[in-house]
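Just below is one structure, and these are the notes that go with it.
Sequence lines set the chain letters: A, B, ... in the order given, protein chains first and strands last, and positions in each chain run from 1.
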Amino acid sequence: MTVTRIAPSPTGDPHVGTAYMSLFDYIFAKQQGGTFILRVEDTDQKRYQPEAEARVLAALSWLGLEPDESPATGGPNAPYRQTERKQIYAEHARKLLEEGKAYRAFETTEELAAIREELQRKGLGYGYDGRGRTVPKDESERRAAAGEPFAVRLITPDEGETVVHDLLRGVVRIPNREVPDMVLLKSDGLPTYHLAVVVDDHLMRVTHVVRGEEWLPTAPIHVLLYKAFGWPEPVWIHMPVLKNAVGKKLSKRKDDTNLESYRRQGFLPEALLNYLGTMGWSMPDGREFFTVDEMIQNFSFERVSLGGSIFDLKRLRHYNAKYLRELPVTKLAERVEPFLREAGYRWDDEDYLLDVLDVLRPRAETLTDFTEHGYFFTESFSYTADARKKLRGGQEYLEGLERAFARLESFDEDSIEDTINDYVQRQSGLKKGAVLQPLRAALTGTTHSPGMTEVVSILGRSRVLSRLGRALTAITEGLPDDKPDKLPKDRGDQSSGEEAVKKGEAV
RNA sequence: GGCUCCUUCGACUAGCGGUUAGGUCACCACUCUUUCACAGUGGCGACACGGGUUCGAAUCCCGUAGGAGUCACCA
C-alpha cells in the first residue's frame with residue numbers, strides 16, 4: 001500500500017511549493033491506489049501561526065488536492081498535529097538515549113553560537129562538534145534530574161559515509177564528517193523536524209517520502225535515524241525546487257508564493273495545477289495541457305527532470321487564459337461572478353452576463369481581467385484620454401449613428417452591422433475605423449474593446465442611445481467632474497471642453 | 001568556504017548512441033481586422049567547455065566551469 005504525505009508547517013501563508021509537492025504526492029498516491037496524508041509540523045512554537053493550518057487546508061482544498069487523512073478529516077493515524085504527538089517523540093528519544101545512540105547536550109544558546117563560530121573559522125561546514133558526548137552518563141542523569149535544560153542529540157558516525165538512495169538521483173553519498181550530531185529533542189520537549197518526520201513517517205507507514213531537494217543535505221540524518229531505530233527506510237524522492245526569475249529558490253520574502261494571492265488574482269485551480277504539473281515533469285506524449293486525472297493516468301517519476309524550473313508568471317497566465325477560453329460559459333460565469341460583485345458590478349439577468357463573458361474571454365487571462373470592462377455593468381464610467389481624443393473628432397458620426405440606431409426596427413447583430421456599414425458608405429471616402437473608434441469611445445469610454453457590433457448588440461438600444469447622448473453632451477459641454485488635462489496641451493485642437501478624467505475612476 | 005545536487009533555445013521542456021536537435025510560452029513579422037485580443041502562418045533562438053569511449057555522441061565516462069541547495073534547540 002502506497003502512502004505519501006505532505007507535511008506543511010503552519011508558519012505563514014499557504015505556499016505554492018506546498019501545492020507543488022502536494023500535487024506529486026496526491027497523483028502518485030491516487031495512481032497507486034494508496035493514501036495521501038497531510039500532517040501538520042507545528043513543532044516550532046516561535047514561528048507558529050494559529051490560522052495558518054486552516055489556510056493551508058483551504059488552499060489545498062481549493063486546488064482539489066484533498067488529503068485522505070489530515071487534522072480536519074482525522075484517520076487511523078491520528079493525531080495529525082505533531083504537538084499532539086509530543087509524547088511519542090519523547091518516548092522514542094528516550095529509547096535512543098537508553099540504547100546509547102543519543103545523548104543529552106547541555107550547552108546554552110550562547111555556547112552553541114561560540115562553537116559554531118569556531119567551527120566556521122576552521123572552515124568546517126556544520127554547527128556542532130559533538131562535545132556533549134563526553135559528559136558521563138551518571139552526570140547526564142543527575143543534571144537532567146536536577147532540572148537543567150538539555151537537548152537530545154543523535155550520535156552520528158565520525159567516519160565513513162552515509163548513502164541516500166534517491167529514486168531520482170541514484171546513490172547519493174555524504175561523508176559522515178559532514179553530518180553533525182543533530183538535535184532530536186529540543187529543550188522545550190518538542191522534537192525537531194528530523195526526529196518527528198522519521199518517527200511519524202514510520203508510524204504512519206509512509207512508503208514514499210516526496211519532498212523538495214532542500215532536504216537532500218539532511219537526508220543522511222534521517223537515514224541514520226531509521227538505522228538507529230532499526231526501521232526499513234521509505235523510498236526517498238527529492239524533487240527539484242521551484243525557482244524565481246533570477247533562478248533562486250522561491251522565497252516568500254521576495255516572491256509571490258501565496259496560493260491565496262493566486263486565487264485572488266483570478267487564477268483557476270485547474271490551470272495552476274496543470275502549470276505546476278509541467279514544472280519538472282512532462283506527459284509521455286508531450287501534451288502540455290492536461291488534467292489532474294490525466295496526470296494520474298500517465299505519471300511516473302522517470303519523467304521528472306531535475307533542473308529546477310523557473311516559475312514563470314507569463315506562462316502561468318497563458319495556461320489560465322487557455323482554461324478560461326475552454327470553460328463552458330455558464331461555468332465561467334460561476335467563476336467570474338464573485339470577482340464582478342467584489343468590484344461592485346451588477347447586471348440585470350444571467351443571459352446578459354453570459355453574452356458579456358463570451359465576448360470578453362478571448363482577451364482575458366485571469367478572472368480579474370473581466371472586471372476591467374466595467375462599462376458592461378455600469379453607466380458611470382469615465383473616458384480615458386485616448387477615448388476623449390476619439391470623441392473630439394467624432395461628433396458628426398455619433399450624431400449620425402444615433403439617428404440610425406434610433407430608427408432601427410430590429411436591434412440584432414445583423415441589423416446593427418448593416419446599419420454601421422451603410423452609414424460608413426454614405427460618408428464617401430471614410431474609413432470604417434474613423435466612425436467606429438468614436439463609437440467605441442462613447443460606448444465604452446476606452447479605445448480597446450470587443451467588436452462594436454457585439455458591444456452595441458449586447459448593450460441594447462436604450463443603453464446605446466443614452467451613452468451616445470451622454471458622449472455628445474460631453475463633447476459640446478464637457479463633463480461636470482472633469483479635471484484639467486495634465487498633459488502639456490494637445491497641439492492643434494480646441495481642447496476647451498475636453499479634460500482629463502482620471503482613468504481609475506471608471507466605476 | 002565545506003558538502004551535495006544540477007546543466008538542451010530568454011523560459012518550460014522532448015530527446016534515453018545514428019534526428020535538418022522537436023514542441024510550447026515569450027519575442028518579431030505577416031494574415032484576419034473597426035481597436036484590443038483570439039486564431040492562423042512564418043521567423044529568431046539551445047545541446048556550458050575540454051578530454052576520452054565508440055564507426056558514430058546532446059545522449060556513456062572523467063575533468064573544468066557555471067548555477068542551485070544546504071551548513072539552527074526552523075521546517
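- What separates OH of Tyr48(A) from C1' of C73(B) is a distance of 20 Å, to the nearest Å.
- With Leu439(A) as reference, Leu401(A) is the one residue of Leu401(A), Val455(A), Thr444(A) to meet the side chain to side chain contact (heavy atoms under 4.5 Å, CB included) rule.
- Taking the six-membered ring for Trp and thresholds of 30 and 60 degrees, Tyr319(A) and Phe289(A) have ring planes inclined between 30 and 60 degrees apart.
- Using P as the reference atom, G67(B) and C9(B) are 16 Å apart when rounded to the nearest Å.
- Across the strands present, A72(B) finds no partner; the criterion is a Watson-Crick or G-U wobble pair with both atom distances under 3.5 angstrom.
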- Candidate pair Asp13(A) and Arg55(A), rule salt bridge (charged side-chain N to carboxylate O under 4.0 Å, His left out), full reasoning: CA-CA 7 Å; Asp13(A) 302 332; Arg55(A) 290 170 63 200; 2.7 Å; yes

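- As judged by a 4.0 angstrom heavy-atom cut-off over every strand, Arg287(A) is placed among residues making no nucleic acid contact.
- When atom types are taken as modelled, the side chain of Ser22(A) and the backbone of Thr18(A) share a donor-acceptor pair closer than 3.5 angstrom.
- As the counterpart of U31(B), A39(B) is assigned, both hydrogen-bonding distances of the Watson-Crick or G-U wobble pattern falling under 3.5 Å.
- Remark: Arg335(A) engages Glu270(A) in a salt bridge, criterion side-chain N to carboxylate O under 4.0 Å.
- One atom, CG of Leu306(A), and another, C1' of A14(B), lie 15 Å apart when rounded to the nearest Å.
- For the pair Tyr128(A) OH and G2(B) C1', the interatomic distance rounds to 20 Å; values are reported in whole Å.
- The phosphate of C12(B) has neither OP1 nor OP2 within less than 4.0 Å of any side-chain N or O from Arg317(A).
- The partner of A21(B) is absent, by the rule that a Watson-Crick or G-U pair needs both atom distances under 3.5 Å.
- Backbone-only engagement by Pro191(A) is indicated by non-hydrogen atom pairs under 4.0 Å involving sugar-phosphate atoms exclusively.
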- Message: Can you build the contact string for nucleotides 63-70 of chain B? Use B for base contact, S for sugar-phosphate-only contact, and - for no protein heavy atom under 4.0 Å.
- Response: -----SSS

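- Side chain Thr278(A) to base C12(B): no donor-acceptor pair is found below 3.5 Å.
- Using the Watson-Crick or G-U wobble rule with both distances under 3.5 Å, U7(B) pairs with A65(B).
- Ile237(A) places its CD1 atom 17 Å from the P atom of C5(B), with the value rounded to the nearest Å.
- Atom C1' of nucleotide U13(B) and atom OH of Tyr275(A) are separated by 11 Å, given to the nearest angstrom.
- Pairing for C16(B) is absent, judged as Watson-Crick or G-U wobble with the two contacts each under 3.5 Å.
- Evaluation of atom-type donor-acceptor distances gives a pair under 3.5 Å for the side chain of Arg47(A) against the base of C74(B).
- The distance from atom CD of Gln82(A) to atom P of C74(B) is 13 Å, rounded to the nearest whole Å.
- Using C1' as the reference atom, G42(B) and C62(B) are 44 Å apart when rounded to the nearest Å.
- Tyr375(A) meets the ring-ring contact (aromatic ring centres under 6.0 Å, His included) test with His373(A); sequence neighbours excluded.
- Under the 4.0 Å criterion applied to side-chain N and carboxylate O atoms, Arg315(A) and Asp312(A) are not assigned as salt-bridge partners.
- Mapping Ile310(A) and Thr109(A) onto RNA chain B by nearest heavy atom places Ile310(A) at the nucleotide closer to the 5' end.
- A distance of about 12 Å separates the C1' atoms of A26(B) and G45(B), rounded to the whole Å.
- Residue-level contact check: Lys46(A) touches the backbone only, with heavy atoms under 4.0 Å from sugar-phosphate atoms and none from bases.
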- Can you check each nucleotide of nucleotides 20-42 of chain B against protein heavy atoms at under 4.0 Å and return B for base, S for sugar-phosphate only, - for none, in 5' to 3' order? ---BBSS-------BBBBSS---

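- Thr192(A) has no side-chain polar atom (N or O) that falls below the 4.0 Å cut-off from OP1 or OP2 of C73(B).
- Nucleic acid contact class of Ser305(A) (heavy atoms, under 4.0 Å, all strands): sugar-phosphate only.
- With respect to Lys95(A) and Glu91(A), no salt bridge is recorded, no charged nitrogen being found less than 4.0 Å from a carboxylate O.
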